[in-house]
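Proteins come first, then strands; the chains are lettered A, B, ... in the order of their sequence lines, and each starts at number 1. Values below: all heavy atoms of this structure, side chains included; hydrogens, waters and symmetry mates excluded. All figures in this text were calculated on a predicted structure; none of them were measured in a lab.
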Amino acid sequence: EDYTITVWSGGTGDTSTYRIDAIKLAAEQMMRQAEIRGDDLSITVEGQAWSGWDDFKQAFTLASEAENAPDIGVSGHEDIGPWSEAGLIRPIEDYVYFDTWPLNTIYPNLIETATFNDRVWGVPQDAEARVMFWSIPALEAIGWSQDEIESLAQRVESGDFTLYDMLDTVKTMQDEGVIEPGMGFGPRVSNGPDYWQFYQSFGGEMSDPETGKLVVDTGALEGMYGFFADAVEKGVVSNTHLGTEWDVWHQNAAAGNYGTWHGGTWHKAQWQNQFGLADFFGDVQYTLIPAGTEDGRANSITHPLVYLLSATSTEDESVIAAELIAMASAPDINALHAVKSAHLGISKDETRVPFYAADEWLSAASSRLAPHTNAIPNNSDFGTFWTAMYQGLEASWTGASTPEEAAQTVADTVKQSLGDDVVLR
Amino acid sequence: MTRNFALFPLMVVITLISLPLMVMYGFLILDTVTDAPPGALWPDEFTLRHWRFLWDMSAAGNVWKATLNTAVLALSMVAVVVPVSSLAGYAIARLNLPYRRFFLGGILVMHAFPAVTLLIGVFFVLKFAGLYNTMIGVILVKGALMLPFGIWIMKGFYDAVPWEIEMAGVQDGASRLTVFRRLILPQVKPGLVALSVFAFLDGWGEYLLPRVLAPGSDMTVMSVLLNGLIAGDDIGYDFNLFKAVGVFYTLPVIALFAIFQNRLMTIFGGGTKG
Amino acid sequence: MSSFADPIVDGARRARPVRPRRAPVSRLGLILMAPALLLLTLFFFLPVALTGVFAFTDLSTSTGIGRGDYVVTPTLLRQLGDKGLSDTDAEAVARSSVTVDAAGLARARAAGVDDRFLDEIERRFMGRDYEAPAGFVRDLRGLRTAPRRPRDLKSAAALFETSVLNQRFATSQALAAQLEAMAPEIAPAVRARIVEASFTGARFTTENFRTLATQKETARLVGNTFLYVGATLSLFNVGLGLFLAVVLFYMPKGASSLFSTLWLLPRITPVVLYAVMWKWFTWEGGFLPILADQVGLPSFNYMKGSVVTAWATMITLNGFIGASFGLILFSGALRAIPLQQLWASEVDGASRWQQVRRIILPQMRWPILFVTAYQTLSLLSSYEQIWLTTNGGPGRTTSVWALEAFKTALSNYTGNLEYGMGAAMALVLVVVGLALSLIYLRLFKFSELVGRPKIEI
Amino acid sequence: MRLNLENFTKCFDGTPVIEGLNLTVEDGEMLALLGPSGCGKSTTLLSVCGIYRADGGRILFGGRDVSALPSQRRNVGVVFQNYALYPHLTVEENIAFPLTVQKPRPSAAEIARQVREIAELIHIDALLGRRPAQLSGGQQQRVALARALVRKPDVLLLDEPLANLDAKLRLEMRSEIRRIQLETGITAILVTHDQVEAMSMCDRVAIMDKGEILQIDSPTQMYRSPANRFVAGFLGNPPITFLEGRTGPEGRFSMEAGLTLPLPSHLRGMPSGRPIALGLRPEHFGHGGQGQATGRVTFVEPQGREMLFDVQAAPGVTLRSIQPTRDDVSIGDEVTWKVDADRMLAFDAEGRRL
Amino acid sequence: MRLNLENFTKCFDGTPVIEGLNLTVEDGEMLALLGPSGCGKSTTLLSVCGIYRADGGRILFGGRDVSALPSQRRNVGVVFQNYALYPHLTVEENIAFPLTVQKPRPSAAEIARQVREIAELIHIDALLGRRPAQLSGGQQQRVALARALVRKPDVLLLDEPLANLDAKLRLEMRSEIRRIQLETGITAILVTHDQVEAMSMCDRVAIMDKGEILQIDSPTQMYRSPANRFVAGFLGNPPITFLEGRTGPEGRFSMEAGLTLPLPSHLRGMPSGRPIALGLRPEHFGHGGQGQATGRVTFVEPQGREMLFDVQAAPGVTLRSIQPTRDDVSIGDEVTWKVDADRMLAFDAEGRRL
Ligand SMILES: Nc1ncnc2c1ncn2[C@@H]1O[C@H](COP(=O)(O)OP(=O)(O)OP(=O)(O)O)[C@@H](O)[C@H]1O
Ligand SMILES: Nc1ncnc2c1ncn2[C@@H]1O[C@H](COP(=O)(O)OP(=O)(O)OP(=O)(O)O)[C@@H](O)[C@H]1O
Ligand SMILES: [Mg+2]
Ligand SMILES: [Mg+2]
């Protein structure tokens, strides 16, 4: 039998090629197994990677609508909501046993992120933590002791050191000329799950754990918008920061031009491989995203990508694709991706793969950050909320509206389109 | 022009205004074969490194495949737009059609109205025709979107053919089809050439439609490939490489344009005299 | 061609005034038009019509395009619960049971499940009931004859299950029938409500327009669009175009064609390359910032680094493309002014400025109006350049209507493609475009363009 | 072949341009259709050849009604004002075109023979290989004629065939076209607004105005006795001078401005006080006759062989005279010249000839 | 103001179109520049007004060299062939334009006064509010003239000012322009290729060919005694007929085809056997004289008042005669008509007048 399995993968740059290559490895393995078993099986894996998300999601959605979709899609877990509702994907639980190896080793909370409407739709492909990074040389330059720097992580975690403390710190850096004006704080330059962290820092909850309804916490939104507006006000970040080129941001981050900045665990790989950051641990301290107020909490968001099965494949292709996904989730294969792209592993077993265990950053992040992560909800309406949240952020950041107005607009917009399916707080 | 006015001030003014373009296009070429130290305006080193993408497929992806795809798209545009427009243009310029005014008005409106905003509807049609993520789909859509322009242009050229020629042809006993084929078509050759070049240029430079309607890697055209070099969250951009690919991509267009410049001018003039 | 087969035999006896005969329809014309009509209908009119329809739906990624199934999900039950569905009813709907009975075995046999496997099921589990399918599957996996592939086993197992939860039904009747069979105690009205709510596809609504009309963002977008179109048009498409045309008009042929070629380049350069040339020109490390740095001016990413420079960049880069259109059109119009008129004015003693202002410009009114009209439409609905350069940034300060429509419908980070809303926004553009077009058609004496065919037979 | 238009009517956009026109062209005759711009000459022609459809009435070729036939089946040859040669074809191909679209198509040899034959008749056999752009105006003219004639049409129509030629060439082509028409014996209509052309080339001239035919006659007859004032004013160069006045006593005519002249002899009996207009041609002033007029010369125009004099015979009344070149009269002189009253043309208030 | 061109030369793209031309126009004189198309008339004119720069020689206005001055400072009024009115301005604004660009700019009242003055002179004061598009050809013509005259130019140049008018209007405008030129006493050059126009309007006519001036003379003189064969052939309508032959014995002229005629009396003494060409104008054939010629009438062209006859006097020799309309001669008749030998013009082999 001949199969051609196509894999489309979003947000996939130079360091994350194993999102596709893992499937290829699995295919190779499956063919060998078939050969030994005496079956005639040939699988060609065709992969296509998108470096951005908008293109990828557009392509996957439209291709699915046109019944022209790839057999496997690699996307953020939050897409499960809308895509399953629209019937674009099939639940993978129909095709694999989650109680056999290797799927049974995957962290249950990751499986949870791939679950929607009581069904498991995809297999988590990686995990991560999103991190606040701190420039050690800059902290030292304003007189922080080694101890203070080291204990920062605990202080953040305990809620002792808040976002506003952070602003004061970077302001000091700027005032003392350690950091260029406007470069004290280097947030992510475009939309991303990261910004939900700040919502959480101010006590926001994305969805109600009881009912699964989305929660628009106007107060948290206001707090978060106010925080960025204050940061602009203080002059530690420019009001036009959003939309800066990624490249520029990476360069600044890797060169230590920012006092603090936030990104993902995987960024470390890019800074080292592409932007010439030599001594990561010597130069960069990392913590959770600090709490904004007492109501809030220090937090980090994980945003696992998941392997999904397209609903437009034939039954046979889906069977093969699902098996490939399961095989690609084996600790040793998945570790290739984890280590190369500095993402976190998906299972306990993976952390024991020597190749993975030898990576200082991954083990540190796995222990210090991963336990505190949560994910954005799988809810088919979450995109609406997200889009509105980001537009509000843009508006308040650039000064187009006040934080209060922006938060109110978000609440109104979301309420208007989702009605009873959302809880306003 | 008469020599009653001085030329020099004009030269200065126009050169100043054109400076951004001169710089951009000048450096476009220059940067493909040189390297400049960071923060410097002027290059200090000659290199052919940026052209490595021609043989090294890891530098910028498979440019040859993309070039082929682009050429297919561009040539297909010619193949779709020119015949269809020249037929319809003739009918609309010269034949008794019911609702002819309505057609003409419609064409004019559509001509003025770039239809990229209708992409969702277009997608829907392609979805039903099973043409999403195929080159044929892109060609048909792009071709159809260009038709109003093409028909309008061709109508302009037909309008310039004296009615008397057509009358003479009919008078000589030829049917309208014969008149069209043997007497009128040869007169609008410049129009056909200009429209062909134009359709080619348009197809060659198209970005949005292939990007949205044919995202599959088999169909990657140069514009999409080129943009891939600079878009995305985490790819280090290399302007020089980008420009080299860009020059490689654009050179045929510029050459074509240089050859046919005068004819294109007439198409612009003729096509917009409405 | 038979319509004129009735010759007026004796015109003298006919009453006056004469009623002119209609020219016969040219069949050839229809044939020649056919390919164009077909293509235009498919990819122009039909999309316009569809846009019109979509605009009144809540079409989005989660509804899918042009289809919809009937699915009862736990989420739906919860939502219905909020709206007054009783817990008992909800439980009844959510009920699921597995029974190994003869009917189930027959269903499985009919579906082509391996006989030996079924035999074993019959032998081991006949008559058993399971609370949840998971237990049944676990039991089945213990069988010796169980299929190797999970999919085969699970689909076999599903044949013994009665449940509506998470099942996709193509029609409302199918769901209703299943519901009735499974939970006959639910009142028909309630059942109907459940079925109605379980539809996943798009529904008709005017919500999109209400949102557009009420949200604050609309005003800002409209403002931006006005600013963009107005500034680009007046400064570049008309202003610069006119200026270039006049200057080139006075230049010797060689220089004039050189510069007009230069100014045509932006129009023929593929948009992707053109966009990047501007990035190179305005970004950090690009030409202008380096230059500014060297002369001590503020140096940053002009394209995205500040609202003012972003607007300036965006307008300029679009304007440079637009200027060529004006240049060509105005040059044509200038050349149409009889040379003698210019000679006359020189002989009359006019300086160049006087010649331009008093002889040339007043005669350019018409072309200026045309360029304005024509380019308003183009600018209103084009967004490719903006998308590839500022992409509406910083923030959304330079976003315009068309770009926002495109992003809403087809391209955004969260993948939440709101086709319906996007179509509504596109429809607004279509309507504005049509209205403007109609005005222009009036303005430009369309009827003179239409000249009737001169051969009537 | 004899050509009839019976009650022919043609409208554009609902308004009739020509209404109920009747016209007969005899077999072998060449008729000039002469009239001011916009009077409907071309319209008539294009209706005859079937480009326009008649909106009323009939068009008969040799008695056969062709009104409903399309152009292709009318067998009419047309020479258009701008010749309408096919620029991408050689002269030979241009002439051959009507033959190549015939059904059944004649053999190549046959076509070549016919083309050569007509080319010889029209003296363009040396040009057959050229393209229209390489020909002078006169040569293009001939090619157009050859193309119109090659398929032996029933009727030949010429729409201002000489308008684009320069004066000298026009003179030549006039006799040339007439020669060919006479040699082929074809029925022809020549449309023109040039009176000299009309008079010099045709057997009869039809004068048209506002879609109506005012008079059909031989050229000389038409000049000598125009049916109405329009025709009289239209023919003649320098044009006739009209004097508005009333009949007076004793067979005289008098104008308000004071000038009086004898009436033409056949009108002397008219009752006095009737408003009439007299037309005086320049060649009938200053050459002899019973009447005479005195006035001051206001303008002298030497035209080589002849001279034109404007004589102000009364305030606001200028008489024009044309005479062989003479040196004895100059501006400001007072002259008394004879008026050939009998040859003056008289019209009533409605412009009808008296 | 007197106008001189001294050794004037003008090249286009390196090839001289006019070389070393000398021309003087006296103060207050109106000179016609007459010549075939392309001979350089417009070029000369445009150089005088400064649109073209002279490539050699000098242009003097009243003795002052203006060759290096731009148009704006030459103070020349020009009327272009198509009038070149400013279509967006009213008649009043058109006429005022030259005044409004003057420095210092005259007061509005002053401008209005001058415009009104010139408008009255030219009889267009009723039209001042209209736009050019609302005017007839003749009215446009006058506006152009007014605009050229309003700032009292030193020299008035008219480049084919009548070419676009219809025959009747042309006739009128001829006298009108002349009247105004005479009234203002301005020095003027009229460029035309219409001989009637040149002869009827100007004091002197300069005939030009291929960039050279062949003869300058008064119109009548020029017609009667052209300096060379080109001039003789150029003037006269219908044109002169040239007969190529040799002088024979006894003061006669004979052609190879067999026709013989008496030589003009002043040439009777010429030695025999010399190749000469005789020019016979149509009005000198059939009107009297000592010679006579016999032949068959091949073509008759009624032109209303007169008739043109082509008489084949010998194989290949066609003599043309113009006579008042007569009915007694028709095609094919054999006629013997007098030739006015003394008025024939004779030219030597180089085309010089004998
Ligand atoms: N296609 C048309 N549509 C409307 N009106 C027309 C059309 N063609 C001609 N006319 C009108 O019909 C009248 C007669 O036109 P026609 O062309 O027959 O005049 P003509 O005598 O040939 O004039 P000319 O000497 O200028 O060629 C004119 O008033 C003209 O405006
Ligand atoms: N701008 C130019 N460039 C090149 N050659 C020119 C130009 N203008 C005129 N000529 C040439 O110079 C010669 C004289 O032209 P000019 O226009 O003076 O003739 P003209 O006597 O006015 O003719 P017409 O009666 O046709 O107006 C012609 O041979 C013409 O081809
Ligand atoms: Mg006509
Ligand atoms: Mg000229």
Exercise. Under 4.0 Å between a Lys/Arg side-chain N and an Asp/Glu carboxylate O for Arg78(C) and Asp208(A)?
Worked result: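 No.
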
Exercise. Any Lys/Arg nitrogen of Asp82(C) or Lys213(A) sitting under 4.0 Å from an Asp/Glu carboxylate oxygen of the other?
Worked result: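 Salt bridge flag = yes for Lys213(A) with Asp82(C).
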
Distance check, rounded to the nearest 0.5 Å: [X] atom [atom1] versus [Y] atom [atom2]?
X	Y	atom1	atom2	value
Gln215(C)	Gln391(A)	CD	CD	7.5 Å
Asp412(A)	Thr211(C)	CG	OG1	11.5 Å
Leu153(C)	Tyr95(A)	CG	OH	14.0 Å

At a heavy-atom separation under 4.5 Å, does [X] approach chain C through its side chain, its backbone, both, or neither?
X	answer
Pro91(A)	neither
Asn379(A)	neither
Glu323(A)	side chain
Val96(A)	backbone
Thr398(A)	side chain
Thr384(A)	both

Under 4.5 Å from any heavy atom of chain A, what part of [X] do you find: side chain, backbone, both or neither?
X	answer
Thr390(C)	neither
Tyr419(C)	side chain
Lys83(C)	side chain
Thr63(C)	backbone

Taking the side chain as everything from C-beta on, heavy atoms only, tell me whether [X] gets closer than 4.5 Å to [Y].
X	Y	answer
Tyr390(A)	Asn412(C)	no
Asp99(A)	Arg141(C)	yes
Asp79(A)	Thr61(C)	no
Ile320(A)	Arg149(C)	yes

Exercise. Is the CZ atom of Arg203(C) crowded by more than 12 outside heavy atoms at less than 6.0 Å?
Worked result: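 Enclosed: over 12 neighbouring heavy atoms sit under 6.0 Å from CZ of Arg203(C).
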
Problem set entry | More than 12 heavy atoms of other groups within 6.0 Å of Glu180(A) CD |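 No, CD of Glu180(A) has 12 or fewer neighbouring heavy atoms, counting only those of other groups under 6.0 Å.
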
Exercise. Who among Thr200(C), Leu417(C), Asn166(C), Asn301(C) has the most heavy-atom pairs with chain A under 4.5 Å?
Worked result: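 That would be Asn166(C).
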
Between [X] and [Y], what is the shortest heavy-atom contact and its length?
X	Y	result
Asp94(A)	Lys154(C)	O-CD, 3.6 Å
Val307(C)	Thr240(A)	N-CG2, 3.9 Å
Asp54(A)	Tyr413(C)	CB-N, 4.0 Å
Lys216(C)	Ser401(A)	NZ-CB, 4.0 Å

Exercise. For the candidates Glu78(A), His241(A), Glu93(A), Glu405(A), which exhibits the highest count of non-hydrogen atom pairs separated by less than 4.5 Å from chain C?
Worked result: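 When all of Glu78(A), His241(A), Glu93(A), Glu405(A) are compared, Glu93(A) has the most.
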
For this session: Specify which of Asn191(A), Thr100(A), Thr387(A) makes the most heavy-atom pairs with chain C at under 4.5 Å.
Result: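 So the answer, after comparing Asn191(A), Thr100(A), Thr387(A), is Asn191(A).
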
For this session: Using atom types as modelled and distance alone, determine if a side-chain donor or acceptor of Asn117(A) lies under 3.5 Å from a backbone N or O of Thr75(C).
Result: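 Confirmed, Asn117(A) side chain pairs with Thr75(C) backbone.
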
